[in-house]
Trainee: 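Sending over a structure as structure tokens; questions will come in a sec.
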Number of protein chains: 2
Amino acid sequence: MTDHHDDPVRSITDLAKIAGVSVSTVSRALTSKGALNKDTRRRIQELAARHGFRINVAAQNLRLGRTGAVAVLLPLGHERGQHLSDPFFMAMLGFLADELAERGYDLLLSRVLPDGEDWLDSFIRAGRTDGVIIIGQSNQSAVLDRTASHYQPLVIWGAYGARNQYLTVGTDNMAGGALAATHLLARGRRSLAFFGNVSVPEFAARYQGFLSALPADARDRVELVHAHVTPEASYRAATDYFAAGHRPDGIFAASDVTAMGVIAAAAEQDMRVPEQLSVIGFDDVPLAQMSNPPLTTVRQDIRRGAALLVELLCRRLAGETAQSVQFAPELVIRESS
Amino acid sequence: MTDHHDDPVRSITDLAKIAGVSVSTVSRALTSKGALNKDTRRRIQELAARHGFRINVAAQNLRLGRTGAVAVLLPLGHERGQHLSDPFFMAMLGFLADELAERGYDLLLSRVLPDGEDWLDSFIRAGRTDGVIIIGQSNQSAVLDRTASHYQPLVIWGAYGARNQYLTVGTDNMAGGALAATHLLARGRRSLAFFGNVSVPEFAARYQGFLSALPADARDRVELVHAHVTPEASYRAATDYFAAGHRPDGIFAASDVTAMGVIAAAAEQDMRVPEQLSVIGFDDVPLAQMSNPPLTTVRQDIRRGAALLVELLCRRLAGETAQSVQFAPELVIRESS
DNA sequence: CTGTTAGCGCCTTCAA
DNA sequence: TTGAAGGCGCTAACAG
């Protein structure tokens, strides 16, 4: 418990006066840096505690030429509205918060609406953060490439592209798509559809991987259904699709949320999952196993992804080199297929 | 497109040299404050744009005695791990990000592990943010009360308590619980259970409201089942509960996520929802209508909540008065009941 | 071991 | 309309 005295202590100058020492002594005592008499240090630390004083981080950072914060940006290039509510992004955000906190960084959250080609450089030049993590490259890979060429501490969660100059961490989406295809084939499904927005590079890769693992006859008949990642939009897309008379026996959804929307729509049409229709999702969000039926899905290791994003970023911040990482997805078979 | 010249422009001092004016002139030009010749202003603004220069926000804020950021804290007093992945909190976070951005504030996200009684004051004294929004009072109402007594820009999302000194925005949880009870009664349910962690004040209020709207005979038989807010924990709690032989005909879950866990567990026991068992949740997260069967739930208006939190905070920041707000929940009847 | 001094990049009075 | 100077709160040489 801190008992607050009459005289407000707002700066190390105030504290120095009370302690009868110079500001630099107070600074040294409170930062535990630099040589200082042990007793002096403890005396000042106790005084600070008694007065409830803490060093002003903003000023400290200005002096040190850093901000102590890392930005996490969610570009909404193609999806408006509830993008941020996607459970996958949310879980990612939670883990990022943990990882960054562990390394002493604040997490500055920002939803950006990419306009023109200067939004990222402009954000960076404002000097609010020491580094930037972008969740999902959206349709902004040109912007990312340009910025990455002159700004090191930048890491992107998303699909790896050999042509991209920027640093990415992500799942091997092609492999994930192939996993889904192989599984549906093993279930005897041949009349297939893919639900997702393929203008998002990650989803496009899932789709390509899906196609690539299919025999020619099945591949040629795959139907591509455009669906945004919100539950509502996915549900609507599936409802329209079924209403138009389509009756596939296997659906690969670009995300778990989309898969749940598809299943909800199928239930309304009395299509039984998995008897008549196998559905497989992507992500393995926590709710996937609670869905009814529990969702078969391609799992991404979010926690590991977050840890890697932060690690690579810190390497770059320390001036070290870092390379893109892509890890293997894993098929989780439950009851929707 | 900005073409970057040879000489790096890192501060208004650099720009002032290039422009052949003083730093104060550059400052005035770039902040659009203070009197300045129109042409001079435009000339300097163009020069800045050409060199890709933006004012350093950190330094600007230090000088102005503010930080330009608002902290959103998620105290994890009782729930570890995946708390942050609760879709309700996530949606709230998204809306808060929007609202704050609109008013020119950055959003500093922080998960805190409340230890002792000084965590909040200590955070505030670090001076990283201009104000604090806390999502969920957890079990920290004593700490909040103490801090609120001397720190104005503090708003909490959560249950309103007449005894609490701090500013809250939240749903009338008692009323929500009553809504759930009345609905289950109308469905002819009499053998009832509540799933949730009643050491969380919000959930306790939902439980109290639930009980209060029940006739004595039904109320006395209500079973209270402890369940954390993660899908997995809720599922496990329900599985154990059913395995112990309990067969209620109506369950009120403290959150939608918990309700989904309950439904998943019930499905495994071949208990049919809603034929044999009515389940009702709380929140109305986007996925609630995609659940199978679509979830009956007590809706909270998250967007409005976020808008109010930010509005009240800004009032306090401006030195104006602000009072706690509690709004009415709404019953959304779908097919799980 | 401790104090003095000079800024980090910016804004704002006060003068001119 | 513009410039000079002081300082926001802090750290890090450089002295002593």
Side-chain angles (χ1 to χ4, degrees), chain A residues 7-45 47-48 51-69 104 106 122 124-130, chain B residues 7-45 47-48 51-69 104 106 122 124-130:
Chain A
D7 30 312
V9 180
R10 307 215 168 291
S11 66
I12 55 174
T13 312
D14 295 347
L15 198 60
K17 261 174 214 146
I18 297 177
V21 295
S22 74
V23 287
S24 38
T25 299
V26 174
S27 171
R28 282 188 273 256
L30 265 33
T31 55
S32 308
K33 283 195 310 199
L36 192 56
N37 181 298
K38 231 178 176 177
D39 293 335
T40 317
R41 169 161 292 152
R42 210 188 32 229
R43 186 169 67 83
I44 293 177
Q45 285 180 344
L47 201 63
H51 286 267
F53 175 75
R54 276 195 58 179
I55 281 203
N56 181 311
V57 179
Q60 184 179 50
N61 285 334
L62 176 66
R63 176 61 232 240
L64 294 178
R66 51 164 190 152
T67 67
D106 286 328
S122 179
I124 289 169
R125 284 197 311 266
R128 273 192 289 242
T129 62
D130 297 334
Chain B
D7 31 308
V9 180
R10 307 216 167 291
S11 65
I12 56 174
T13 313
D14 295 346
L15 198 60
K17 263 174 212 145
I18 296 177
V21 296
S22 73
V23 287
S24 33
T25 299
V26 173
S27 171
R28 283 188 272 253
L30 265 33
T31 54
S32 309
K33 282 194 310 199
L36 191 58
N37 181 298
K38 231 178 179 177
D39 293 335
T40 317
R41 168 160 291 151
R42 208 186 35 227
R43 186 169 69 82
I44 293 178
Q45 285 179 343
L47 201 62
H51 286 267
F53 175 76
R54 276 196 56 178
I55 281 204
N56 181 310
V57 179
Q60 183 178 50
N61 285 335
L62 177 65
R63 174 60 234 242
L64 294 178
R66 51 161 192 160
T67 68
D106 286 328
S122 180
I124 289 169
R125 284 197 311 264
R128 274 193 289 244
T129 61
D130 296 335

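So you know, we letter chains A, B, ... as the sequences are listed, proteins then strands, and number each from 1. Note that the structure is predicted; figures quoted are calculated from it, not measured.
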Trainee: Rounding to a whole Å, what distance do you find between A:Leu15:CG and D:dG9:P?
Mentor: 14 Å
Trainee: Just to confirm, is there a sub-4.0 Å distance from OP1 or OP2 of C:dG3 to any side-chain nitrogen or oxygen of A:Thr25?
Mentor: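 Indeed, a polar side-chain atom of A:Thr25 lies that close.
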Trainee: With respect to the side chain of B:Arg28, which nucleotide from D:dT1, C:dT2, C:dT13 is positioned closest?
Mentor: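 Of the options given, the side chain of B:Arg28 lies nearest C:dT13.
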Trainee: Measuring from A:His51:NE2 to A:Leu15:CG, what's the distance to the nearest 0.5 Å?
Mentor: 7.0 Å
Trainee: Atom CD1 of A:Ile44 to atom C1' of C:dT2: distance rounded to whole Å?
Mentor: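 Atom-to-atom, A:Ile44 to C:dT2, this comes out as 10 Å.
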Trainee: Under 3.5 Å, is there a donor-acceptor pair linking the side chains of B:Thr25 and B:Ser22?
Mentor: yes
Trainee: Test for a donor-acceptor pair under 3.5 Å between the base of C:dT4 and the side chain of A:Ser24, counting only N and O atoms.
Mentor: yes
Trainee: Distance check, rounded to the nearest 0.5 Å: B:Phe53 atom CZ versus B:Leu47 atom CG?
Mentor: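 Atom-to-atom, B:Phe53:CZ and B:Leu47:CG are 10.5 Å apart.
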Trainee: Remember a base hit wins even if backbone is also touched, and classify A:Ile12 as base, sugar-phosphate or nothing at under 4.0 Å, heavy atoms.
Mentor: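 Since a base atom lies under 4.0 Å of A:Ile12, the category is base.
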Trainee: Is the distance from OP1 or OP2 of C:dC10 to the nearest side-chain N or O of B:Ser27 less than 4.0 Å?
Mentor: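 Negative; the distance criterion is not met.
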Trainee: Could you verify whether a donor N or O on one side chain and an acceptor N or O on the other, from A:Thr67 and A:Asn61, lie under 3.5 Å apart?
Mentor: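 No.
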Trainee: Which nucleotide in the list D:dT11, C:dT2, C:dC11 gets nearest to the side chain of A:Ile55?
Mentor: D:dT11
Trainee: Tell me: NZ of B:Lys17 to P of C:dC10, nearest whole Å?
Mentor: 12 Å
Trainee: Nearest heavy atom decides the nucleotide; on that basis, is B:Ala59 or B:Val21 closer to the 5' end of DNA chain D?
Mentor: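 Comparing both residues, the 5'-ward one is B:Val21.
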Trainee: Remember a base hit wins even if backbone is also touched, and classify B:Leu64 as base, sugar-phosphate or nothing at under 4.0 Å, heavy atoms.
Mentor: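 B:Leu64: backbone/sugar contact only, no base atoms under 4.0 Å.
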Trainee: Closer to the 5' end of DNA chain D via nearest nucleotide, is it B:Lys38 or B:Val23?
Mentor: B:Lys38
Trainee: How many whole angstroms separate atom CZ of B:Arg128 from atom P of D:dC10?
Mentor: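 Whole-Å distance recorded here is 14 Å.
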Trainee: Answer yes or no: does a side-chain N or O of B:Gln60 lie under 4.0 Å from OP1 or OP2 of C:dC11?
Mentor: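 For C:dC11, OP1 or OP2 has a side-chain N or O of B:Gln60 closer than 4.0 Å.
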Trainee: In whole Å, what is the span from the CG atom of B:Leu62 to the P atom of C:dT12?
Mentor: 13 Å
Trainee: For a quick test of reading the model: is some side-chain N or O of A:Ser22 closer than 4.0 Å to OP1 or OP2 of C:dG3?
Mentor: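 For C:dG3, OP1/OP2 do have a side-chain N/O of A:Ser22 under 4.0 Å.
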Trainee: Any heavy-atom pair between the side chains of B:Gln60 and B:Leu30 that's under 4.5 Å?
Mentor: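 Not in contact.
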Trainee: Please state how far atom CG in B:Asn56 lies from atom C1' in C:dC8, giving the value in whole angstrom units.
Mentor: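 Taking atom C1' of C:dC8 as the reference, CG of B:Asn56 is at 9 Å.
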Trainee: Could you tell me how far apart A:Arg66 (CZ) and C:dG9 (C1') are, to the nearest whole angstrom?
Mentor: 17 Å
Trainee: Kindly indicate whether the side chain of B:Arg63 and the base of D:dG9 share any N or O donor-acceptor pair separated by less than 3.5 Å?
Mentor: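 Absent.
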Trainee: Please report, rounded to the nearest Å, how far the P atom of D:dT1 is from the CG atom of B:Asp39.
Mentor: 11 Å
